[in-house]
Peer 1: 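Have a look at this one before I ask anything.
All heavy atoms count here, side chains included; hydrogens, waters and symmetry mates do not.
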2 protein chains.
Amino acid sequence: MISNFSQSEENYIKAIYHLQQADGSVTTNELAGMLHTKPASVTDMLKKLKAKKLLHYERYKGFHLSIEGKKVALSIIRRHRLWEYFLVSKLQFGWDEVHEVAEELEHVRSHKLIDKLDFFLNHPKFDPHGDPIPDNNGKMSMQHHIQLIELPLNTQAEVTAVNSQSSELLELLQHKNIHIGTKLEVKRKFGFDNSFELKIRNKPAVNISKQLAQALNVKPL
Amino acid sequence: MISNFSQSEENYIKAIYHLQQADGSVTTNELAGMLHTKPASVTDMLKKLKAKKLLHYERYKGFHLSIEGKKVALSIIRRHRLWEYFLVSKLQFGWDEVHEVAEELEHVRSHKLIDKLDFFLNHPKFDPHGDPIPDNNGKMSMQHHIQLIELPLNTQAEVTAVNSQSSELLELLQHKNIHIGTKLEVKRKFGFDNSFELKIRNKPAVNISKQLAQALNVKPL
DNA sequence: AATAAATTTTAGACAAACCTAAAAAATTAT
DNA sequence: ATAATTTTTTAGGTTTGTCTAAAATTTATT
Ligand SMILES: [Mn+2]
Ligand SMILES: [Mn+2]
Ligand SMILES: [Mn+2]
Ligand SMILES: [Mn+2]
């Protein structure tokens with residue numbers, strides 16, 4: 001019941017969870033790349049996590065989390081995203097600055113702490129990057145959002161998430177006065193450079209590049 | 001500038017700081033006792049901390065922190081007490097529940113995090129147990145408080161700190177409606193059992209035992 | 001002052017989490 | 001199908017922080 005994994009084990013579990021979202025299965029090199037470690041170290045850890053039944057793993061075959069492993073991963077992600085929300089909403093961090101700190105805070109394990117933090121923050125459903133925060137049972141609100149680049153012309157939509165956490169993106173979005181929750185519609189697309197003309201209510205039209213459009217997710221209203 | 005000590009090193013440094021407040025100098029066995037570790041492990045760590053110039057240490061002679069070591073200790077204590085204050089004032093923990101969690105949170109090192117937390121909490125000067133929170137430069141407000149047991153009769157005083165963090169003490173104080181900040185005076189002392197009769201403004205008289213009187217610090221007004 | 005007891009240190013091991021270099025297996029190119 | 005290349009694992013080390021048992025030193029007792 002009171003899971004007790006090392007910081008290192010938790011970082012591996014979380015990384016595997018994120019990687020397997022894409023392929024379903026993860027390779028040693030992929031994981032080593034994500035954790036800035038060496039493949040040999042990954043193999044060592046895989047054996048340990050397999051012994052703890054968190055992982056399905058046959059040597060040379062790749063691996064993915066067990067049901068139990070996924071539960072653990074979701075509880076780590078819950079802690080990570082709740083802390084990110086706290087840092088931005090209460091301590092006034094920018095969303096480009098919170099990842100590193102949350103990467104440490106997520107390892108402070110205390111059920112009471114997380115429950116009370118969740119209550120204090122009023123049970124937020126999404127973190128500052130628009131990613132869903134799993135609840136106590138690992139359930140997350142599903143956003144059926146699309147990339148802004150795929151939004152049809154003249155359709156009202158709301159910005160729901162960013163696909164990058166770089167300061168450069170935040171800087172640009174602040175300059176253009178776009179943030180999570182902003183309602184907008186695409187008025188024109190220019191084929192030459194794939195740039196867009198956006199309209200935000202009561203504001204002059206804004207132009208955004210293809211790269212920026214790809215970095216934003218929106219939900220049609 | 002960006003000090004980077006392991007969690008273990010930080011725990012040793014903080015424990016040495018607290019122990020040397022009493023004697024001025026600390027012994028291997030004392031420290032082992034405080035950290036629930038063995039004397040041999042302490043000796044190992046002493047060598048490491050000495051090499052890092054945080055400690056004055058000659059074998060078989062005892063040891064105490066260097067100026068630099070004290071600075072590090074104070075910054076850890078600052079983090080510990082700020083987090084305790086946060087847990088009690090924002091997350092509604094009882095002050096008997098915060099120590100363990102703060103013991104972990106104190107190791108999340110990020111200057112920005114602590115500065116912003118301090119700002120968010122409005123620069124508190126004392127933690128929930130009445131202990132002073134060092135500022136960014138290691139300075140703490142000095143409380144010239146005394147044990148309640150030493151307070152003269154009929155002298156108005158304010159409760160400033162508790163000498164124990166046990167749930168039992170908190171339970172008793174809550175029952176008697178005494179907390180940090182409560183203003184009271186001692187009306188009588190009974191020689192037979194050293195119990196006290198207290199008067200709190202607009203409240204009926206309360207009786208407290210010698211043990212309880214020893215657990216409370218007060219500042220005469 | 002000599003002996004006994006307690007404290008502290010050293011020597012040698014161990015687990016966790018990493019690493020490098022070499023071997024084994026799988027994949028891909030010829 | 002064979003050879004070349006890439007991926008993964010194994011073998012053997014290293015560092016950190018711990019431990020037990022034995023040796024060295026200090027302190028207390030007679
Ligand atoms: Mn992490
Ligand atoms: Mn996030
Ligand atoms: Mn600690
Ligand atoms: Mn405290």
Peer 1: Atom CD of Q7(B) to atom C1' of dT16(D): distance rounded to whole Å?
Peer 2: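 Taking atom C1' of dT16(D) as the reference, CD of Q7(B) is at 13 Å.
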Peer 1: Assign the ring pair F120(B) / F86(B) to parallel, tilted or perpendicular, where the plane angle (0 to 90°) is split at 30° and 60°.
Peer 2: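 Taking F86(B) first and then F120(B), their aromatic rings sit tilted (interplane angle of 30° to 60°).
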Peer 1: Just the table, please: protein N/O against nucleotides 23-28 of chain D N/O, every pair under 3.5 Å.
Peer 2:
{"from": "dA24(D)", "atom 1": "N3", "to": "Y60(B)", "atom 2": "OH", "distance (Å)": "3.4"}

Peer 1: Between dT18(D), dC19(C), dT20(D), which nucleotide gets closest to the side-chain atoms of A40(B)?
Peer 2: dT20(D)
Peer 1: Can you confirm whether K52(B) is buried at NZ, in the sense that more than 12 heavy atoms of other residues, nucleotides or ligands lie under 6.0 Å from that atom?
Peer 2: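 For K52(B), atom NZ is crowded (more than 12 foreign heavy atoms under 6.0 Å).
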Peer 1: Taking the inter-plane angle between the rings of F63(B) and Y57(B) on a 0 to 90° scale, is it parallel (under 30°), tilted (30 to 60°) or perpendicular (over 60°)?
Peer 2: perpendicular
Peer 1: dT9(D), OP1 or OP2 - any side-chain N/O from Y57(A) closer than 4.0 Å?
Peer 2: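 Yes, within the criterion.
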Peer 1: Give the rounded distance in Å between these two atoms: CG of N4(A) and P of dA16(C).
Peer 2: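 Computing the N4(A):CG to dA16(C):P distance gives 13 Å.
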Peer 1: Does Y12(A) place a side-chain N or O at less than 4.0 Å from the phosphate oxygens OP1/OP2 of dC18(C)?
Peer 2: yes
Peer 1: We want to know whether E171(B) and H175(B) form a side-chain donor-acceptor pair, criterion being a heavy-atom distance below 3.5 angstrom.
Peer 2: no
Peer 1: Quick one: K47(B) NZ to dT8(C) P, roughly how many Å, whole number?
Peer 2: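 After rounding, the reported distance stands at 14 Å.
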Peer 1: Taking atom C1' of dC19(C) as reference, at what distance in whole Å does atom CE of M45(A) sit?
Peer 2: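 So the two atoms are 14 Å apart, to the nearest Å.
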Peer 1: Tell me the interatomic distance from L49(A), atom CG, to dC18(C), atom C1', rounded to whole angstroms.
Peer 2: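 Computing the L49(A):CG to dC18(C):C1' distance gives 15 Å.
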Peer 1: Name every residue in residues 23-39 of chain B that has at least one heavy atom under 4.0 Å from any atom of DNA chain D, in order of residue number, or write none if there are no such residues.
Peer 2: T37(B), K38(B)
Peer 1: Give the rounded distance in Å between these two atoms: CD of E9(B) and P of dT15(D).
Peer 2: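 Going from E9(B) (CD) to dT15(D) (P), I get 15 Å.
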Peer 1: Is it the case that over 12 heavy atoms from other parts of the model lie below 6.0 angstrom from the NE2 atom of H123(B)?
Peer 2: yes
Peer 1: In whole angstroms, how far is the C1' atom of dT18(D) from the CG atom of L46(B)?
Peer 2: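 For the pair L46(B) CG and dT18(D) C1', the rounded distance is 14 Å.
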Peer 1: How close or far is atom C1' of dT20(C) from atom CG of D44(A), stated in whole angstroms?
Peer 2: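 D44(A) atom CG is separated from dT20(C) atom C1' by 12 Å.
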Peer 1: Side chains of E103(A) and H99(A): donor-acceptor distance under 3.5 Å anywhere?
Peer 2: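 Checked: E103(A)/H99(A) side chains pair up, N/O donor to acceptor below 3.5 Å.
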Peer 1: Please confirm whether the shortest side-chain N or O distance from T43(A) to OP1 or OP2 of dT8(D) is below 4.0 Å.
Peer 2: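 No, no such contact exists.
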Peer 1: Please confirm whether the shortest side-chain N or O distance from S8(A) to OP1 or OP2 of dA16(C) is below 4.0 Å.
Peer 2: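 For dA16(C), neither OP1 nor OP2 has a side-chain N or O of S8(A) closer than 4.0 Å.
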Peer 1: Under 3.5 Å, is there a donor-acceptor pair between the E10(A) and H107(A) side chains?
Peer 2: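 There is such a pair (donor and acceptor under 3.5 Å, judged by atom type) between the side chains of E10(A) and H107(A).
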Peer 1: When we call it a touch if two heavy atoms are under 4.0 Å apart, what does F63(B) touch: a base, just sugar-phosphate, or nothing?
Peer 2: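 Result for F63(B) = nothing.
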Peer 1: Any non-hydrogen side-chain atom of I16(A) less than 4.5 Å from a side-chain atom of L54(A)?
Peer 2: no
Peer 1: Answer with yes or no whether the side chains of S195(B) and D193(B) bring together a donor and an acceptor at under 3.5 Å.
Peer 2: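 Indeed, the side chains of D193(B) and S195(B) share at least one donor-acceptor pair under 3.5 Å.
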